[in-house]
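We count ligands from 1, going down the list as the structure has it; atoms in each ligand are counted the same way.
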Amino acid sequence: MIPIKTQEEIEKMRHAGAVAAAVLGAVCNHVVAGISTAELDRFAKEVMDYHGAKSTTFGFRSGKRVFPGYGCWSVNDEIVHGLPSEKRILREGDIISIDLTVSVDGFVGDNTRTVAIGEITPEIQHLIDVTQKALQAGINAAREGNTVGHISAAIQRLADENRFGVVRELVGHGIGREMHEDPQVPNYGVAGQGPILKSGMTLAIEPMFTLGKAKISTDPDGWTIRTADGSWAAHWEHTILITDNLPEILTLLKK
Ligand code: MG
């Protein structure tokens with residue numbers, strides 16, 4: 001069952017999305033060479049507190065494991081779910097995917113950006129730019145009457161055109177009262193396949209592309225997922241609302 005949000009729920013999703021965007025914007029502005037991911041995590045918690053928001057990832061359970069971060073901090077070849085660490089100091093030339101998910105008043109907003117620390121190679125910049133474009137292409141395809149496959153195909157096309165890997169084991173998702181609701185939103189697929197999109201659905205769309213092969217590997221910590229071949233990865237995400245017209249990006253950063 002894919003939940004259709006009521007007008008009241010949509011208002012709460014708008015608020016959660018706006019807070020998620022504000023927190024991500026503030027944290028990205030805080031990124032600088034020499035800072036640790038633990039320090040960024042503490043800063044994210046402060047900004048969440050300021051907005052009256054809770055981290056949805058902190059304390060998140062997977063089997064016996066409990067996630068220890070207020071956000072996910074995935075550096076270079078790490079794709080998602082990187083843990084905060086005092087030892088992980090960001091250096092000039094690194095990239096970091098910052099995935100922040102907040103709960104406000106019973107609803108969840110989820111968004112991610114990949115940012116560079118200082119100068120990076122044109123090749124890595126291209127990976128970041130194309131992944132961001134793929135997110136926008138996916139959003140553009142998120143129209144009432146289309147299917148989830150339209151979103152997936154629009155995203156995959158950008159990866160294929162640029163010969164980037166598309167991570168298959170990790171997918172976008174419905175979002176609302178829970179961080180993960182139906183449906184799954186893969187970053188590969190065929191237009192016309194999958195569930196039909198209807199006005200009032202809220203989705204987190206999140207392409208993850210790699211410079212090399214798309215195969216993943218999970219660290220012994222049980223959380224950090226990185227590329228198996230060591231190639232670098234980029235990840236962008238917005239929470240959106242399907243409407244009877246253009247999709248509305250709920251995690252758009254307001255100026
Ligand atoms: Mg997500």
Practice problem: Take the Mg ion (ligand 1) and tell me which protein N, O or S atoms are nearer than 2.8 Å. | Solution: Asp110 OD2, His173 NE2, Glu206 OE2, Glu237 OE2

Exercise. Apply the salt bridge (charged side-chain N to carboxylate O under 4.0 Å, His left out) test between Lys5 and each candidate in Glu248, Glu181, Glu11; give the one that qualifies.
Key: Glu181

Can you give the donor-acceptor pairs under 3.5 Å from side chains of residues 187-196 to other protein atoms, not counting sequence neighbours?
residue, atom, partner, partner atom, Å
Asn187, ND2, Glu206, O, 3.1

Practice problem: Just do the side chain to side chain contact (heavy atoms under 4.5 Å, CB included) check on Lys215 and Thr227 with the steps written out, would you? | Solution: CA-CA 6 Å; Lys215 194 161 177 286; Thr227 60; over 6 Å; no

Exercise. Tell me who clusters with Val66, hydrophobic residues only, linked when side chains sit under 4.5 Å apart either directly or through other members.
Key: none

Quiz item: Got a sec, which pairs hit side-chain hydrogen bond (donor to acceptor under 3.5 Å, both in side chains) with one end in residues 87-96, sequence neighbours left out?
Solution: Asn76-Asp94, Glu78-Arg88

Quiz item: For the residue pair Ser55 and Tyr70, what are the closest heavy atoms and their distance?
Solution: OG-O, 3.0 Å

